[in-house]
Structures are given as structure tokens and as C-alpha cells.
Amino acid sequence: MHVLILGGTTEGRLLAELLADETGVRVTSSLAGRVAAPRLPPGEVRVGGFGGAEGLAAWLREHRVDALIDATHPFAGTISFNAAKAAALAHVPLLALRRPGWVAGQGDDWHEVGSLDQAAQVLPELGRRVFLTTGRMGLATFSGPELADLWFLVRSVDAPEPPCPARMEVLLDRGPFALDGERELLRRHRIDVVVTKDSGGSATAPKLVAAREAGIPVVVVRRPAGPEGVVGVATPGEAVAWVRLLCG
């Protein structure tokens, strides 16, 4: 059985590791190529886009893929819709592997918004020194003159490109992040508001705990809706069980 994993996430890499040990399973992981030095999973790896849903469907047919698993980032919405369409066109079973979203707890001061644009709109009333953890894509949203008085600490894996916030310091780092480190980061940079996407998972969750402890508000961008009718699981182990069922 040939399984194509649309990856780029911790879950996608873990799934590839698990499937590599499965008898009779060939694994190919596809990475978008947005990170300069990605952590490569075991098995075959391809980097780059497919050319839309039709291109992905053609790749599925050409490489005789028997199962498609969408383990992309929860905010990589376009590829998820393309995967659903391609799977239907190529008549290939599709599974979505999505880590659960975060849930606010007692003491959290969360401000949920539907987009980065909405996050930028609410920032001035919440703080002046912003810890921006939404990645390097979309920084132009925070570069407008209405936010010129705000200072941003931007954390990303790779260096961002302009347009960027007028007052900004860049921290190049890759999770997982420890709670003590996040506490110190907020203290050292005198952060008074955090902006994040609801990526879920444990690798970057400590910043939420640190913000709660410090009484700092957090602007949380909600996940976009995914394609309807796609079977989903929350863990790589569940995805392996799905593949085993297909193998019969």
C-alpha cells in the first residue's frame, strides 16, 4: 500500500515514523517547502506544490497512491480543500489528521478573533508590547500606520521578509518551547499582549500558560473551517489504525 502524507507538522512526521515500521506500507511525505531546513520524516519525501487539486489528483494516479492523509497545519486551509477534491477525483480514501485545538482554562484572558486582520484591529486596546507568534507569513497585516506605536517581538522559524511591523525584533526559534523559557521571554521583553493562532498541540502551548500566570491577554485566531465530509482523527496512532483497516 502506498500512503501519501501531506505533512510539515509534528504529527505528520510522527505518522511517517510509525508507518515506516508497518509491513507492506510505502510512505511518501509531501512538504510545502516554506521552511528552509525542515525536519525530514523517514521514507520518501517530496517538496513543493502539486499545482492545485487537479495536479494532486494526477500525482495520486501516476504514483499509484492507495491512501491520502492530510496532516498539514490547521491553518493551511487551501491544501486541505485541494486534498478533498483530489481524493474525490482520483477515488482515493482521505483522512485528516488534526491535533485538537486549545481550550481556554480558568484564569485565561483570551480574545478570540476570526482572522489576522481582526487580531490587528483589537491589539491597540489590549497592549503596547506584542509577542507575535503567528509565523512569518501575514506580518504585513501588522505593518499599518495604525499600529506604528506598538512594538512587536516576532518569533518564527525563518527570517521574515517585508512588509513587517515598523518596530520589531525577530526571534528565530523552533519549538517545542519550555514553560520556564516562555516565562523569561515575557518578562525580559516586558510583553503585555500575546497573539497566536489556535494551532493546538503541546509544542507551543507553554506560552499560553506563561501568559495566564502573568495576567497577560492573548489574542487567539480561530481555525478556519475545513472541507466537509472528511473523516478526521486526532493522533498519529489513530491514523495508523485507519491505514491498517484499509490494508485489510
Which heavy atom of [X] sits nearest to which heavy atom of [Y], and what is that distance?
{"X": "Leu179", "Y": "Ala210", "value": "CD1-N, 3.8 Å"}
{"X": "Pro124", "Y": "Leu147", "value": "CG-CD2, 3.6 Å"}
{"X": "Pro206", "Y": "Ala203", "value": "CD-O, 4.0 Å"}
{"X": "Ala87", "Y": "Leu94", "value": "CB-CB, 3.8 Å"}
{"X": "Ala119", "Y": "Val195", "value": "CB-CG1, 4.2 Å"}
{"X": "Leu68", "Y": "Ala83", "value": "CD2-O, 3.9 Å"}

When rounded to the nearest 0.5 angstrom, what is the spacing between [atom1] in [X] and [atom2] in [Y]?
{"X": "Leu116", "Y": "Met137", "atom1": "CG", "atom2": "CE", "value": "11.0 Å"}
{"X": "Leu14", "Y": "Thr10", "atom1": "CG", "atom2": "OG1", "value": "6.5 Å"}
{"X": "Arg190", "Y": "Arg128", "atom1": "CZ", "atom2": "CZ", "value": "13.0 Å"}
{"X": "Ser29", "Y": "Leu4", "atom1": "OG", "atom2": "CG", "value": "8.0 Å"}
{"X": "Glu182", "Y": "Thr133", "atom1": "CD", "atom2": "OG1", "value": "8.5 Å"}
{"X": "Leu139", "Y": "Leu132", "atom1": "CG", "atom2": "CG", "value": "6.0 Å"}

- Would you mind listing every salt bridge (charged side-chain N to carboxylate O under 4.0 Å, His left out) that reaches into residues 87-115, with sequence neighbours excluded?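 As it turns out, the salt bridge (charged side-chain N to carboxylate O under 4.0 Å, His left out) pairs with a partner in residues 87-115, which skip direct neighbours, are Glu11-Arg99, Asp70-Arg98, Asp108-Arg212.
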- Do any pairs count as a salt bridge (charged side-chain N to carboxylate O under 4.0 Å, His left out) and have a residue in residues 54-68, sequence neighbours left out, and if so which ones?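 Residue pairs with at least one partner in residues 54-68: Glu54-Lys85.
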When you measure from the side chain of [X] to the backbone of [Y], do you find a donor-acceptor pair of N or O atoms at a distance under 3.5 Å?
{"X": "Thr72", "Y": "Ser80", "value": "no"}
{"X": "Arg167", "Y": "Asp149", "value": "yes"}
{"X": "Glu238", "Y": "Thr235", "value": "yes"}

- Answer yes or no for Arg155 and Phe177: cation-pi contact, defined as NZ/CZ to six-membered ring centre under 6.0 Å and angle to ring axis within 45°.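 So Arg155 does make the cation-pi contact.
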Under 4.5 Å between any side-chain heavy atoms of [X] and [Y], yes or no?
{"X": "Phe142", "Y": "Leu123", "result": "yes"}
{"X": "Met168", "Y": "Val170", "result": "yes"}
{"X": "Thr196", "Y": "Val219", "result": "no"}
{"X": "Asp158", "Y": "Leu172", "result": "no"}
{"X": "Leu126", "Y": "His111", "result": "yes"}

- Quick one: do Arg136 and Glu161 make a salt bridge, cutoff under 4.0 Å?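 Looking at Glu161 together with Arg136, the answer is no, because their closest N to O distance does not fall below 4.0 Å.
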- Residues in salt bridge (Lys or Arg N to Asp or Glu O under 4.0 Å) contact with Glu213, at least two apart in sequence or another chain: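 With sequence neighbours excluded, Glu213 shows a salt bridge (Lys or Arg N to Asp or Glu O under 4.0 Å) to Arg183, given in chain and number order.
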- Message: Could you work out, with side-chain contact (heavy atoms from CB on, under 4.5 Å) as the rule, every residue matching Ser115, not counting sequence neighbours?
- Response: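 Ser115: side-chain contact (heavy atoms from CB on, under 4.5 Å) contacts with Asp117, Gln118.
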- Query: What pairs with Pro163 under side-chain contact (heavy atoms from CB on, under 4.5 Å), at least two apart in sequence or on another chain?
  - Reply: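 For Pro163 the side-chain contact (heavy atoms from CB on, under 4.5 Å) partners, ignoring immediate neighbours, are Ala140, Ser143.
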- Message: Using the side chain to side chain donor-acceptor pair (under 3.5 Å) criterion, which residues pair with His189? Sequence neighbours excluded.
- Response: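 His189 satisfies side chain to side chain donor-acceptor pair (under 3.5 Å) with no residue once adjacent residues are dropped.
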- Item | Residues which pass side chain to side chain donor-acceptor pair (under 3.5 Å) with Ser199, listed by chain and number, not counting sequence neighbours |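 Applying side chain to side chain donor-acceptor pair (under 3.5 Å) to Ser199 gives His73.
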Kindly list each side-chain donor-acceptor pair under 3.5 angstrom involving residues 40-51, sequence neighbours excluded, with atom names and distances?
| unit_1 | atom_1 | unit_2 | atom_2 | d |
| --- | --- | --- | --- | --- |
| Glu44 | OE1 | Arg26 | NH2 | 3.1 |
| Glu44 | OE2 | Arg26 | NE | 2.7 |
| Arg46 | NH1 | Ser30 | OG | 3.1 |
| Arg46 | NH1 | Gly48 | O | 2.8 |
| Arg46 | NH2 | Gly49 | O | 3.2 |

Output the rest of the hydrophobic cluster of [X]: all Ile, Leu, Val, Met, Phe, Trp and Tyr residues reachable through side-chain heavy-atom contacts under 4.5 Å, sorted by chain and number.
{"X": "Val240", "answer": "Met1, Val3, Ile5, Leu15, Leu18, Leu19, Val25, Val27, Ile69, Leu95, Leu97, Val231, Val233, Trp242, Val243, Leu246"}
{"X": "Phe81", "answer": "none"}
{"X": "Phe131", "answer": "Trp102, Trp110, Trp151, Leu153, Leu171, Leu185, Leu186, Ile191, Val194, Leu208, Ile216, Val218, Val220"}

- Flag yes if Leu89 and Leu6 sit in one hydrophobic cluster, no otherwise; membership is Ile, Leu, Val, Met, Phe, Trp, Tyr, and two members link when side-chain heavy atoms are under 4.5 Å apart.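 Different hydrophobic clusters.
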- Item | Results of ring-ring contact (aromatic ring centres under 6.0 Å, His included) for His63 - residues two or more places apart only |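 For His63, the residues satisfying ring-ring contact (aromatic ring centres under 6.0 Å, His included) (neighbours in sequence not counted) are Trp59.
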